[in-house]
Number of protein chains: 2
Amino acid sequence: MEHDEAIAGLREAFQTIGKRFTSQRRRIWELFAAHPAGLTISEAAEGVRDGGIGHTTVYRTVKELTELGYLQWVHDRDGEHRYIAGRGGHSHPLVCRGCGRVLLIDCQGMSTLHKLIAVQTGFIVDGHHLEVFGTCPDCQARRG
Amino acid sequence: MEHDEAIAGLREAFQTIGKRFTSQRRRIWELFAAHPAGLTISEAAEGVRDGGIGHTTVYRTVKELTELGYLQWVHDRDGEHRYIAGRGGHSHPLVCRGCGRVLLIDCQGMSTLHKLIAVQTGFIVDGHHLEVFGTCPDCQARRG
DNA sequence: TTCTTGTTGTAAAAAATTTTCGATAAGTTT
DNA sequence: AAACTTATCGAAAATTTTTTACAACAAGAA
């Protein structure tokens with residue numbers, strides 16, 4: 001299963017950096033995984049409050065998961081950070097403006113872009129952040 | 001002059017949306033224009049405090065300038081928003097990890113990327129946000 | 001079990017952002 | 001210029017967001 005693989009990967013990732021994969025960390029990640037449109041930190045804190053998880057833990061965990069590559073942020077219309085679950089590695093969010101759903105896509109052709117920019121500017125390019133916006137097939141159908 | 005043109009453009013832009021181009025708005029924009037590495041909102045507020053401009057005004061003005069396309073944000077290492085001066089229109093920040101300097105570049109090849117993604121995902125793609133990171137020529141030289 | 005160390009939640013503190021409102025300044029009309 | 005109208009401003013207060021401190025707790029090792 002998709003989900004169990006991610007959990008196993010997470011456990012290993014935390015172990016690697018000498019940290020424990022606690023039930024809180026697990027539940028917080030699962031909350032994000034259950035929301036394809038992502039959550040802000042305060043929404044996430046709200047979402048696990050009933051479970052007795054404090055907001056301090058949410059802040060800490062979101063930071064850790066982000067560093068491990070298991071969460072990445074996108075911007076909603078207000079420029080606010082919204083975190084979405086991924087499975088490590090480098091990919092880019094394709095955000096639907098209609099329903100907010102996020103599809104992670106990989107970056108073909110970006111290394112070409114790096115080289116192009118390097119030649120034109122003299123910079124040594126070593127990274128990028130890309131978000132793509134549009135309308136998903138479902139929302140297209142819904143509107144005719 | 002570069003600077004005067006921008007000021008003239010700004011005056012016109014504010015007029016167009018029925019707002020006044022006050023000395024505060026001007027000074028705030030000029031502060032950003034004088035900092036190629038950009039400023040956070042609190043840095044900007046700090047920078048104009050001696051001039052008697054309150055932080056409330058800075059918040060309001062940064063929002064306006066951003067909507068007008070005369071400021072755009074990038075992320076520093078902490079994921080914090082840093083605003084940099086531009087001259088309207090769509091461009092992408094190339095950020096030096098060494099000195100923080102930002103070069104605005106235009107987006108060649110991105111419409112091709114849009115089409116590619118559209119074909120692969122079924123999304124109608126209509127926009128993107130791209131930040132590129134690297135090391136500028138000066139910082140390369142400085143390190144040998 | 002005992003020891004050691006990382007993790008958690010609560011409460012408090014600090015920082016960032018927004019709201020409210022009377023005073024002021026800019027642009028218009030007379 | 002004077003009177004008028006309206007956007008804008010800054011200070012203070014309120015709210016929200018994020019961080020810090022610390023005692024209790026939980027997990028793994030010996």
Side-chain angles (χ1 to χ4, degrees), chain A residues 7-8 10-32 38-68 70-83, chain B residues 7-8 10-32 38-68 70-83:
Chain A
I7 294 291
L10 258 179
R11 169 168 288 116
E12 202 180 315
F14 271 108
Q15 239 162 24
T16 304
I17 61 172
K19 293 189 170 182
R20 297 169 188 166
F21 187 51
T22 63
S23 67
Q24 288 91 336
R25 285 173 177 158
R26 174 182 180 139
R27 276 191 284 163
I28 289 170
W29 186 81
E30 285 174 336
L31 180 69
F32 281 102
L39 299 165
T40 62
I41 291 194
S42 38
E43 286 167 350
E46 166 70 21
V48 294
R49 190 160 52 196
D50 291 343
I53 299 178
H55 69 275
T56 306
T57 300
V58 175
Y59 275 95
R60 286 189 283 234
T61 303
V62 166
K63 184 174 290 183
E64 292 161 350
L65 289 172
T66 302
E67 282 165 2
L68 289 174
Y70 276 78
L71 283 184
Q72 63 184 111
W73 43 259
V74 300
H75 291 92
D76 58 20
R77 34 232 144 263
D78 308 320
E80 199 173 23
H81 278 177
R82 183 170 289 280
Y83 294 83
Chain B
I7 294 292
L10 258 180
R11 170 168 285 118
E12 203 180 313
F14 270 109
Q15 242 164 20
T16 304
I17 60 172
K19 293 188 168 180
R20 296 170 187 165
F21 188 51
T22 63
S23 68
Q24 286 92 337
R25 285 172 176 157
R26 175 183 179 139
R27 275 192 285 163
I28 290 170
W29 186 81
E30 285 174 337
L31 180 69
F32 281 101
L39 299 166
T40 62
I41 290 193
S42 39
E43 286 167 351
E46 166 69 20
V48 295
R49 190 161 53 197
D50 291 342
I53 299 178
H55 68 274
T56 306
T57 300
V58 176
Y59 276 95
R60 286 189 283 235
T61 304
V62 167
K63 185 172 291 183
E64 292 160 351
L65 289 172
T66 302
E67 283 165 2
L68 290 174
Y70 276 79
L71 283 183
Q72 65 184 108
W73 43 258
V74 300
H75 293 91
D76 57 21
R77 35 232 144 261
D78 308 320
E80 201 173 23
H81 277 176
R82 185 169 288 281
Y83 294 83

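All values below come from the heavy atoms of this structure, side chains included, with hydrogens, waters and symmetry mates left out. Owing to the predicted nature of the structure, the values given are computational and were not obtained by experimental measurement.
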* Does a salt bridge link A:E64 with A:R60, judged by any charged N lying under 4.0 Å from a carboxylate O? -> no
* Identify the heavy atoms of B:Y70 and B:W29 that sit nearest to each other, and give their distance. => O-NE1, 3.4 Å
* What residues form a side-chain hydrogen bond (donor to acceptor under 3.5 Å, both in side chains) with A:R20, not counting sequence neighbours? -> none
* Residue pair A:H55 / A:A45: nearest heavy atoms and the distance that separates them -> CB-CB, 4.1 Å
* To do: Send over the distance from A:K19 NZ to D:dG28 P, rounded to a whole Å.
  => 16 Å
* Reckon B:R25 has a side-chain N or O less than 4.0 Å from the OP1 or OP2 of D:dT8? -> yes
* Structure fact -> Considering only heavy side-chain atoms of B:Q24, the closest of D:dA26, D:dG10, C:dG27 is D:dG10
* To do: Work out how much the helix from C:dT1-D:dA30 to C:dT30-D:dA1 bends between its end axes, five pairs an end, to the nearest 10 degrees.
  => 30°
* Structure fact -> Heavy-atom closest pair (B:I41 atom, B:V58 atom, distance to 0.1 Å) is O-CG1, 4.0 Å
* A:E43 CD - D:dT18 P separation (whole Å) -> 12 Å
* Structure fact -> Atom CZ of B:F14 and atom C1' of D:dC9 are separated, to the nearest Å, by 14 Å
* Value in whole Å for how far the C1' atom of D:dT18 lies from OH of A:Y83 -> 11 Å
* Asked: Heavy atom of residues 52-60 of chain A under 4.0 Å from DNA chain C: which residues?
  -> A:G52, A:I53, A:G54, A:T56, A:T57, A:R60
* Given atom CZ of A:R26 and atom P of D:dA26, what is their separation to the nearest angstrom? -> 18 Å
* **Minimal non-hydrogen separation, B:H81 against B:T40, with atom names** => O-CG2, 3.6 Å
* Asked: Can a salt bridge be assigned to the pair A:E46 and A:R49 using a cut-off of 4.0 Å between side-chain N and carboxylate O?
  -> yes
* Asked: Is a side-chain donor or acceptor of A:R82 paired with a backbone partner of A:G38 at a separation under 3.5 angstrom?
  -> yes
* To do: Report yes if at least one side-chain N or O of A:T22 is closer than 4.0 Å to OP1 or OP2 of C:dT8; otherwise report no.
  => yes
* Residue mapping more 5' on DNA chain C - nearest nucleotide basis, B:S23 or B:K63 -> B:K63
* What is the distance, rounded to the nearest whole Å, between atom CZ of B:R49 and atom C1' of D:dC9? -> 17 Å
* Structure fact -> Nearest heavy-atom approach of A:I7 to A:R26 is CG2-NH1, 3.9 Å
* To do: Round to the nearest Å and state the distance from B:Q15 atom CD to C:dA26 atom P.
  => 15 Å
* **d(CD, B:E80; C1', D:dT18) in whole Å** => 12 Å
